[in-house]
Number of protein chains: 2
Amino acid sequence: MKTQLQNYFNRHISLTEAQFEEVYSCFEIKTYQKKDLLLREGEVCQHKYFIIDGLIRSYYIDDKGTEKITQFAIENWWVTNTESFALQRPSNINLQAVEETTVLRIKKDDLDVLLVEIPALEKFFRIVAENMVIAIQRRYGFYMKMNSKIRYEHFVEWIPDFAQRVPLYMIASYLDITPEYLSQLRKG
Amino acid sequence: MKTQLQNYFNRHISLTEAQFEEVYSCFEIKTYQKKDLLLREGEVCQHKYFIIDGLIRSYYIDDKGTEKITQFAIENWWVTNTESFALQRPSNINLQAVEETTVLRIKKDDLDVLLVEIPALEKFFRIVAENMVIAIQRRYGFYMKMNSKIRYEHFVEWIPDFAQRVPLYMIASYLDITPEYLSQLRKG
DNA sequence: CTGATTTCTTAAGATATCTTAAGAACTTTT
DNA sequence: AAAAGTTCTTAAGATATCTTAAGAAATCAG
């Protein structure tokens with residue numbers, strides 16, 4: 001748990017043992033049951049979450065009442081609603097545990113203090129944010145370029161693990177395909 | 001020019017006059033003519049650009065030979081290909097001046113040095129990166145939710161300036177609509 | 001001012017994907 | 001093991017958007 005977070009920090013910056021202790025003391029361990037919400041549409045997002053184990057999805061309900069999944073996140077990923085967290089505005093998405101999920105979470109206020117006390121963290125979160133930009137651009141770039149069938153094949157190939165852990169209709173939603181049409185695609 | 005950059009830094013962090021001078025000395029002024037490329041597909045992106053004046057687009061050529069625009073950037077925006085710049089990989093997009101455009105640009109190597117010397121810059125670029133995440137998510141979130149007609153109307157309403165400065169077929173490309181279909185939409 | 005290039009429009013037929021509705025196959029709970 | 005809930009499939013008709021091809025309008029270069 002502790003080591004898992006420490007390893008992640010060490011990927012990008014070096015913290016002294018004391019610094020890491022200070023950082024770690026600001027995190028809280030939480031376990032969510034399947035279907036529990038970490039963040040509800042309309043609330044202001046107060047936490048950044050580091051996933052120790054499990055699977056989180058980010059989704060909203062569209063005007064027709066259909067769930068639209070915008071992101072999945074698994075072990076060793078950071079998750080939050082950046083817009084709501086950074087600007088302290090009401091969230092337009094829900095964060096929900098797809099499986100039983102354990103996270104380390106940190107409050108915005110605590111993080112703000114830490115960033116001042118340990119400037120190396122600025123670098124860390126700059127890199128995390130840049131990686132997020134890269135990931136999102138790759139995702140949508142691919143999405144825009146490819147048709148439904150290729151999107152699905154790519155998804156299964158790329159993260160075969162997901163195809164196991166997530167029901168098909170959620171993959172469909174993430175890929176912006178109706179489950180019915182995905183069914184057709186899988187046939188032929 | 002100098003002030004414009006300084007103002008932008010001051011939005012998020014405070015630099016002493018001396019620090020700003022050091023920062024500024026790493027930037028180079030460049031003017032690109034209409035259609036000049038700042039970055040070519042396949043090259044590794046070596047610069048971050050701060051636009052003083054003008055308009056830059058980011059685009060690639062798809063398998064059918066059609067230009068697909070992924071981003072526009074104007075005065076006071078930062079632009080680069082984050083993936084290529086951060087990971088020093090070949091770029092999958094072109095950056096091109098849509099109008100005559102003046103930028104302040106900084107080399108990756110120089111920026112890396114600056115970030116070490118002036119840690120406050122880490123915070124600055126963390127915030128810039130977070131804002132980019134927010135902007136991209138808003139953009140694609142909206143894109144996914146809305147149909148072509150609403151995307152177009154929103155675009156014109158949101159940045160009316162653009163509708164003047166950018167040919168219609170580029171707006172179509174950015175909104176992922178064929179120019180022919182956009183023509184139909186504008187009629188009825 | 002004229003020819004060349006770039007940008008925009010029209011219209012008809014083609015296609016990817018959605019919608020609706022229903023039932024089958026699983027999975028979890030009792 | 002029955003009931004209840006969740007997930008997946010099938011198929012037919014509907015629709016948003018694309019493709020192709022052509023010409024009109026506007027802008028740029030000589």
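Proteins come first, then strands; the chains are lettered A, B, ... in the order of their sequence lines, and each starts at number 1.
Partners of B:Glu22 under the side chain to side chain donor-acceptor pair (under 3.5 Å) rule, at least two apart in sequence or in another chain, do not exist in this structure. Applying the salt bridge (Lys or Arg N to Asp or Glu O under 4.0 Å) test to A:Lys68 and every residue at least two apart in sequence or in another chain returns A:Asp176. Judged as a side chain to side chain donor-acceptor pair (under 3.5 Å), and not counting sequence neighbours, the contacts of B:Glu83 are A:Arg138. For the salt bridge (Lys or Arg N to Asp or Glu O under 4.0 Å) test, no residue two or more places apart in sequence or in another chain qualifies with A:Asp36.
Hydrophobic side-chain contacts under 4.5 Å tie B:Phe142 into a cluster, directly or through other members, with B:Met146, B:Ile150. When hydrophobic residues (I, L, V, M, F, W, Y) are linked wherever their side-chain heavy atoms come within less than 4.5 Å, the members clustered with A:Ile93 are A:Tyr32, A:Leu38, A:Leu39, A:Tyr49, A:Ile51, A:Ile56, A:Tyr60, A:Val79, A:Leu95, A:Val103. The hydrophobic cluster containing B:Leu87 also includes A:Ile134, under a criterion of side-chain heavy atoms closer than 4.5 Å among ILVMFWY residues, counted directly or through chains of members.
When atom types are taken as modelled, the side chain of A:Arg165 and the backbone of A:Gly54 share a donor-acceptor pair closer than 3.5 angstrom.
From one end of the helix from C:dC1-D:dG30 to C:dT30-D:dA1 to the other, with five pairs defining each end axis, the axis direction shifts by 50° (rounded to 10°).
DNA chain C lies under 4.0 Å from at least one heavy atom of each of the following residues of residues 154-174 of chain B: B:Pro167, B:Leu168, B:Tyr169.
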Atom pairs, N/O to N/O, protein against nucleotides 13-15 of chain D, distance under 3.5 Å?
none

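Within a 6.0 Å radius of CD in A:Glu157, no more than 12 heavy atoms belonging to other residues, nucleotides or ligands are found.
Residue pairs meeting the ring-ring contact (aromatic ring centres under 6.0 Å, His included) criterion with at least one partner in residues 162-182 of chain A, sequence neighbours excluded, are A:Phe72-A:Phe162, A:Phe72-A:Tyr174, A:Phe155-A:Phe162, A:Phe155-A:Tyr174.
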> Taking protein heavy atoms under 4.0 Å as touching, what does nucleotides 19-30 of chain C look like 5' to 3' if B marks base contact, S marks sugar-phosphate-only contact and - marks none?
Replying inline: BBB---------
